[in-house]
Number of protein chains: 2
Amino acid sequence: MKKKENRTAFVILGLLSHENLSGYQLKKQIDAGLKEFWSAGFGQLYPTLKELREKGLIEAVTEGGNKRGLTVFSITDAGRAALKEWLRKPVLQQTVKYDILLKLYFGAALKPEENLVKIDNFRKQAEMQMEKYAQYEQVLRSVLDDSDDHTYFLLTVLFGRKVTKATLEWAEESRQLLINLKKEKKEPER
Amino acid sequence: MKKKENRTAFVILGLLSHENLSGYQLKKQIDAGLKEFWSAGFGQLYPTLKELREKGLIEAVTEGGNKRGLTVFSITDAGRAALKEWLRKPVLQQTVKYDILLKLYFGAALKPEENLVKIDNFRKQAEMQMEKYAQYEQVLRSVLDDSDDHTYFLLTVLFGRKVTKATLEWAEESRQLLINLKKEKKEPER
DNA sequence: TGAAGCATGTAAGCAGTTACATGATTTC
DNA sequence: GAAATCATGTAACTGCTTACATGCTTCA
């Protein structure tokens with residue numbers, strides 16, 4: 001049976017390639033830097049850490065005199081090799097599952113008004129997202145020359161910004177289409 | 001324990017609200033009309049159909065004189081009610097997991113050239129996508145007044161088109177950023 | 001002293017994927 | 001007669017989420 005790649009394992013390896021971290025700190029890093037396109041719970045993180053350790057891809061280092069149970073991990077040479085191998089594998093096209101599109105596809109079962117509310121909520125979320133991206137971008141551009149990493153971080157932020165902006169435009173266009181649908185119902189067949 | 005909503009079940013209910021279908025036909029409909037934002041395998045479909053039947057949300061009808069084992073399903077009133085209830089539930093913001101962003105986030109571990117190839121492959125896929133969306137859009141606009149459904153189908157196509165176009169712009173901008181990174185390496189610190 | 005945050009972990013369960021098995025029908 | 005497609009289903013597994021358990025530290 002073809003083994004699926006556990007992407008969480010590679011996210012851990014990737015973050016540990018930047019700096020040594022504990023499980024808890026990994027979670028925080030993911031929530032801070034990757035939350036727009038990745039998420040991970042403790043229930044996934046801790047077992048994966050254990051697995052990576054057994055495979056010799058990471059080690060527990062517990063630096064700074066073992067302050068109450070904090071287990072800090074570092075990546076091994078084998079870990080770095082595994083990370084690079086994964087990074088080099090071509091990215092397969094994947095179906096991105098959007099709940100909003102799923103519900104709109106069957107939208108004719110509801111009134112246009114109800115779908116308009118859905119689109120409006122989506123728009124509001126996207127607007128809040130845009131503000132965050134603008135902040136991220138500003139910060140990253142100001143430290144862009146400090147490290148190659150920053151350019152790559154910026155790429156992911158730019159992606160989010162562009163895509164979110166596109167969804168805002170879509171929301172406006174969709175609003176118009178649904179308003180037209182409403183009008184046709186009021187004055188049918190002309 | 002809070003029960004997760006089995007979205008595949010609602011996709012089935014949604015499609016059956018349009019017309020009666022067998023498991024095999026459902027798979028084909030999903031691959032044809034929803035594949036840009038949803039996918040489902042037989043291993044998920046058949047057990048879910050069984051479950052929906054046990055709950056009384058769908059019925060086996062086997063119309064047209066039972067031609068060799070073809071089991072056609074229809075939605076019940078209870079099924080329609082369940083579908084509407086789900087459609088009305090607000091859509092929660094979800095993390096959309098993009099493998100390409102994950103890999104680019106850790107891109108500094110590779111050479112800029114390798115990441116450029118990644119972005120270029122992504123761009124090519126997006127370009128092919130765009131052609132499909134253009135075709136879908138043309139067809140749907142020509143039959144827009146035939147059914148309310150078509151407006152809602154069009155919304156999902158427009159979403160795909162806008163977002164894909166945004167990713168194309170992003171690919172171009174990203175290319176430039178990585179080319180700059182390459183140049184800086186050749187003439188460092190000036 | 002009590003809340004918030006730090007820190008690690010387990011158990012249960014669901015969604016979804018992959019591979020496999022089986023056989024009928026259609027088409028070249 | 002072979003290949004492609006139609007058609008249904010099961011078994012095994014993985015990835016991930018949710019809920020729960022536990023205890024320490026910091027700070028108002």
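In what follows, chains carry the letters A, B, and so on, assigned in the order in which the sequence lines appear, proteins first and then strands, with residues in each chain numbered from 1.
- Using a 4.0 Å heavy-atom distance criterion, A:Gly43 is classed as a base contact.
- Between A:Arg88 and B:Glu114 there is a salt bridge, since at least one side-chain N of the basic residue sits less than 4.0 Å from a carboxylate O of the acidic one.
- Side-chain contact of B:Glu19 with B:Gln25: a donor-acceptor pair under 3.5 Å is absent, judged by distance alone.
- Straight-line distance from the NZ atom of B:Lys50 to the C1' atom of D:dA11: 13 Å, rounded to whole Å.
- Applying side chain to side chain donor-acceptor pair (under 3.5 Å) to B:Glu127 and the options B:Gln125, B:Lys124, B:Arg123 leaves one that passes, B:Arg123.
- For B:Thr71 and D:dA7, the shortest distance from a side-chain N or O to OP1 or OP2 is not below 4.0 Å.
- Residue A:Arg7 places no side-chain N or O under 4.0 Å from the OP1 or OP2 atom of D:dT14.
- When rounded to the nearest whole Å, the span between CZ of B:Phe10 and C1' of C:dG16 equals 17 Å.
- Rounded to 10°, the angle separating the first-five-pair axis and the last-five-pair axis of the helix from C:dT1-D:dA28 to C:dC28-D:dG1 equals 30°.
- The residue among B:Gln25 and A:Phe42 whose nearest nucleotide of DNA chain D is located toward the 5' end is B:Gln25.
- A centroid separation of less than 6.0 Å is found between the aromatic rings of B:Trp170 and B:Phe122.
- Here the side chain of B:Lys97 is nearest to one of D:dT8, C:dA7, D:dT17, namely D:dT17.
- Contact annotation: A:Ser22 reaches the phosphate of C:dT8 (side-chain N/O to OP1 or OP2, under 4.0 Å).
- Side-chain contact annotation: B:Asp149 with A:Tyr105, donor-acceptor N/O pair under 3.5 Å absent.
- Each of B:Lys35, B:Lys28, B:Lys27, B:Gln29 was scored for a side chain to side chain donor-acceptor pair (under 3.5 Å) with B:Asp31, with one residue passing: B:Lys27.
- Judged by distance alone, with hydrogens and angles left aside, the side-chain atoms of B:Ser74 form no donor-acceptor pair with the main-chain N or O of B:Asn20 at under 3.5 Å.
- Within the structure, every side-chain polar atom (N or O) of A:Thr8 is placed at least 4.0 Å from both OP1 and OP2 of D:dG15.
- One can place CG of B:Leu49 at 15 Å from C1' of C:dG16, the figure rounded to the nearest angstrom.
- Checking D:dA7, C:dG9, D:dC16 against every side-chain atom of B:Tyr46, the shortest atom distance belongs to D:dA7.
- Regarding B:Gln44, its CD atom lies at a distance of 16 Å from the P atom of D:dA11, rounded to whole Å.
- Between A:Asn6 atom CG and D:dC13 atom P there is a gap of 17 Å when expressed in whole angstrom units.
- In this structure, B:Leu70 places its CG atom 15 Å from C1' of C:dG23, rounding to the nearest Å.
- When rounded to the nearest whole Å, the span between CG of A:Asp99 and C1' of C:dA15 equals 13 Å.
- In this structure, the side chain of A:Glu51 does not engage the main chain of A:Thr48 through any donor-acceptor pair within 3.5 Å.
- What separates CD of B:Glu5 from C1' of C:dG13 is a distance of 16 Å, to the nearest Å.
- The aromatic ring centroids of B:Phe37 and B:Phe159 lie 6.0 Å or more from each other.
- Applying a 4.0 Å cut-off to non-hydrogen atoms, the residues of residues 28-40 of chain B that approach DNA chain C are B:Trp38, B:Ser39, listed by residue number.
- Each of A:Ile58, A:Ile12, A:Val61 was evaluated against A:Phe73; a single residue qualifies, A:Ile58, per the side-chain contact (heavy atoms from CB on, under 4.5 Å) test.
- Taking only side-chain nitrogens and oxygens, A:Tyr24 never comes nearer than 4.0 Å to OP1 or OP2 of C:dT8.
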